[in-house]
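Values below: all heavy atoms of this structure, side chains included; hydrogens, waters and symmetry mates excluded. Note that this is a predicted model, so its numbers are computed, not measured. The sequence lines fix the lettering, A, B, ..., with proteins before strands; numbering per chain opens at 1.
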Amino acid sequence: MSQNQQITSTLEPVAGNGLLHRRLFLTGGAATLGAGALGLLTARHVTAAPPPEVPEWMKAPGAPLSGYGRRSRFEAGVQRYVATPAAGTTGAGASRTPLERLNGMITPNALHFERHHSGIPDIDPEQHRLLIHGLVERPLVFSMDALHRYPMVSRIQFLECSGNSRTIIAAAPQSGTCGQLHGLLSCSEWTGIPLGVLLEEAGVDPQGRWLLMEGADAAAMTRSVPLAKAMDDALLAIYQNGEALRPEQGYPVRLFLPGWEGNISVKWLRRIAVTREPTMTRDETSKYTDLLPDGRSLMFTFEMGVKSVITSPSPGLAMQGPGLYEISGLAWSGAGRIRRVEISADGGESWAEAALTEPVLSKALTRFRLPWRWDGGSAVIMSRAVDETGTVQPTREALIAEKGTRFAYHINGIEGWQVAANNEVTNVHV
Amino acid sequence: MSTSKWIVAGVCAALTWPLTGGSQEGPNLGIEATPEEIAGWDISIGADGDGLPVGSGTPSEGASIFAAKCAACHGLQGEGLLNDRLVGGHGSLATDNPAKTIGSYWPYATTIFDYVRRAMPYQTPHTLTDDEAYAVTAHLLHLNGIIQADDVIDAQTLPAIEMPNRDSFDRVYPPTD
């Protein structure tokens, strides 16, 4: 097939309401529609006039070098959404990643979501120690200098708070941007020491089956972790995206448990106690458990389910009239790799397969994209992810049928965006 | 700092399951901790009461501490104010307005002592004595109708308490299939 024939075929809709083939942008077919037709979404005002031939910034030398870089002042508006904590609990609460203002799969460190239970401790790494004790042959204390001498590994993996996207099960659709609704989600390259190496040195007693993890924050945050997970893929993370962890991400060392609810990746890690049974801490009993309609609750619901969200178009990013757009979003699963993402532009009547941007990594955010020719009319866009185990992201209806509406964690149902003729995009239940 | 001397195969060997005592491959840079050092760090309390310190407290002793140090956020009767409601809600979990309190929801009484001693009061954690933490725990159990006003809470009595919602949790991990 010639290049022209290929382009022609990719311009045919592959699903209802103008969804085009995922290879359109890759084959260059978009160019045939005219340079201005791409209409990629941006929240900024689009100026029609070109810049002057010799703009001001070309008429004098620019800024000098700097020891630590910073972003353009024109991007200063891209900020985490910081929730105001209850009075008397300064430092507790969450901030959310502005997903709709980012692209790719990596979250910049300064925009990684936060969830703290008693603020961010100001830890001096010279004084910080990690103790491993309990059911071990040799209880051991590690300084940060010692930990830095261990062989390290790097992995790109997502972290999602298990309380993310709570609004999906709200009775009425909540207003907010993609980040405000789903932004307790980030993805980084984490570098550190496989936890199993240190446990091996301490010598775990055969009766040891769980690990109590304790942080050095003012909440002395604690969670119990199964030994099997610790030996599988747990990391003592020291670096995030190449630089030392930020204080709000657990400096100088945090636990990182790939694919599991964020709360259990205890930050500012200072103590690991090997135990026979889970300790039954406050967070794993009274907080991060799921209350079902019959009054019973699910406990140790660690793994984050397969899920996806469309980051663009999304609320707050106004459309710019009919034309060609890229629908783009993020998909992830605590069970492994994303196998497939499908997109609907007609409220779920028909679906088209999206292109996945390489690399597609296990327990990492995966960027998906699909061209869409919006005719300017009302449309409901939504995405549906399938992971490598074959598990399909559930509909909101199926999720509520299974777990009711009183649970507050692990909410991975499909949510939609309503695109209206007046260019507005709003949240809608589908 | 060079890590090139660490052979990848050695790291993999160290991760081999099942665990077999000490490792020959690891850098072994940990310093052995003494029981005295561990005692100062080990503040967690097992669901079986493991780790509970010497000391005791009663609801009446806890009431005055609670009024002074806890009520501003949780209400004088634990009804919830700026922060979590701690009392009541019995029988509400299967209704449209579930109240997940210590009395209605928390499965283990030992968790109260553990959490109060490690993280409360919010502005000044680690300031309660062990006796005070026992007393506040006793007061919260009494407010929830779980113990009597003159019951003594200590390392023996606390883990013996059967919380009302203890048997209403189903463990998802480990998976059964």
Where do B/Asp114 and B/Arg118 land on the salt bridge (charged side-chain N to carboxylate O under 4.0 Å, His left out) test, with the steps shown first?
-> CA-CA 6 Å; B/Asp114 175 284; B/Arg118 74 171 55 247; 2.8 Å; yes
Could you tell me which portion of [X] (side chain, backbone, both or neither) has an atom closer than 4.5 angstrom to a non-hydrogen atom of chain B?
X: A/Arg282; result: both
X: A/Leu212; result: side chain
X: A/Arg129; result: both
X: A/Thr222; result: side chain
X: A/Ala273; result: neither
X: A/Glu303; result: neither

Among A/Gly91, A/Ser143, A/Pro139, A/Pro226, residue most engaged with chain B (heavy-atom pairs, under 4.5 Å) =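 Maximum pair count with chain B is reached by A/Pro139.
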What residue in A/Ala146, A/Gly404, A/Ser297, A/Gly134 has the most heavy-atom pairs under 4.5 Å with chain B?
->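 Most heavy-atom pairs under 4.5 Å with chain B: A/Ser297.
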[X], part contacting chain A, at a heavy-atom distance under 4.5 Å:
X: B/Asp170; result: both
X: B/Asp50; result: neither
X: B/Glu32; result: both

Any residues in residues 60-82 of chain B near chain A, with a heavy-atom distance under 4.5 Å, and which are they?
->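 Within residues 60-82 of chain B, the residues under 4.5 Å from chain A are B/Leu82.
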Heavy-atom pair count under 4.5 Å with chain A, highest-scoring of [options]:
options: B/Glu37, B/His126, B/Gln123, B/Met120; answer: B/Gln123
options: B/Pro125, B/Ser168, B/Pro174, B/Ala119; answer: B/Ser168
options: B/Ile112, B/Asp42, B/Thr110; answer: B/Asp42
options: B/Thr95, B/Asp96, B/Thr34; answer: B/Thr95

Of the non-hydrogen atoms in [X] and [Y], which two are nearest, and what is the gap between them?
X: A/Thr275; Y: A/Glu277; result: OG1-O, 2.8 Å
X: A/Met304; Y: A/Ser162; result: CE-CA, 3.7 Å
X: A/Glu284; Y: A/Met280; result: OE2-N, 2.9 Å
X: B/Gly51; Y: B/Ile45; result: O-CD1, 3.3 Å
X: A/Asp205; Y: A/Gln207; result: OD1-N, 2.7 Å

Neighbourhood of chain B inside residues 257-272 of chain A, taking heavy atoms under 4.5 Å as contact |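 Residues A/Trp260, A/Arg270, A/Arg271 are the ones that qualify, each having a heavy atom under 4.5 Å from chain B.
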Would the number of heavy atoms belonging to other residues, nucleotides or ligands and lying under 6.0 Å from [atom1] of [X] be above 12?
X: A/Asp122; atom1: CG; result: no
X: A/Glu126; atom1: CD; result: no
X: A/Asp124; atom1: CG; result: yes
X: B/Gln148; atom1: CD; result: no

Distance (rounded to the nearest 0.5 Å) between A/Arg149 CZ and B/Asn28 CG =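 The CZ atom of A/Arg149 sits 11.0 Å away from the CG atom of B/Asn28.
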Can you measure from CG (A/Leu140) to CG (A/Leu130) and round to the nearest 0.5 angstrom?
->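 Rounded to the nearest 0.5 Å, the CG-CG separation comes out at 9.5 Å.
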List the steps and the verdict of side-chain contact (heavy atoms from CB on, under 4.5 Å) for A/Tyr409 and A/Arg166.
-> CA-CA 7 Å; A/Tyr409 304 101; A/Arg166 214 166 265 175; 3.3 Å; yes
Is the B/Tyr105 to B/Phe169 ring centre distance short of 6.0 Å?
->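 Ring centres of B/Phe169 and B/Tyr105 closer than 6.0 Å.
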Assign the ring pair A/Trp210 / A/Phe300 to parallel, tilted or perpendicular, where the plane angle (0 to 90°) is split at 30° and 60°.
->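 Rings of A/Trp210 and A/Phe300: tilted, 30 to 60°.
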Does A/Lys307 come within less than 4.0 Å of A/Glu160, counting only side-chain N to carboxylate O?
->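 Judged by the 4.0 Å cut-off on N to carboxylate O distance, A/Lys307 and A/Glu160 do form a salt bridge.
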Examine the side chains of B/Ser56 and B/Asp154 and answer whether a donor and an acceptor come within less than 3.5 Å of each other.
->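 No, no side-chain donor-acceptor contact under 3.5 Å.
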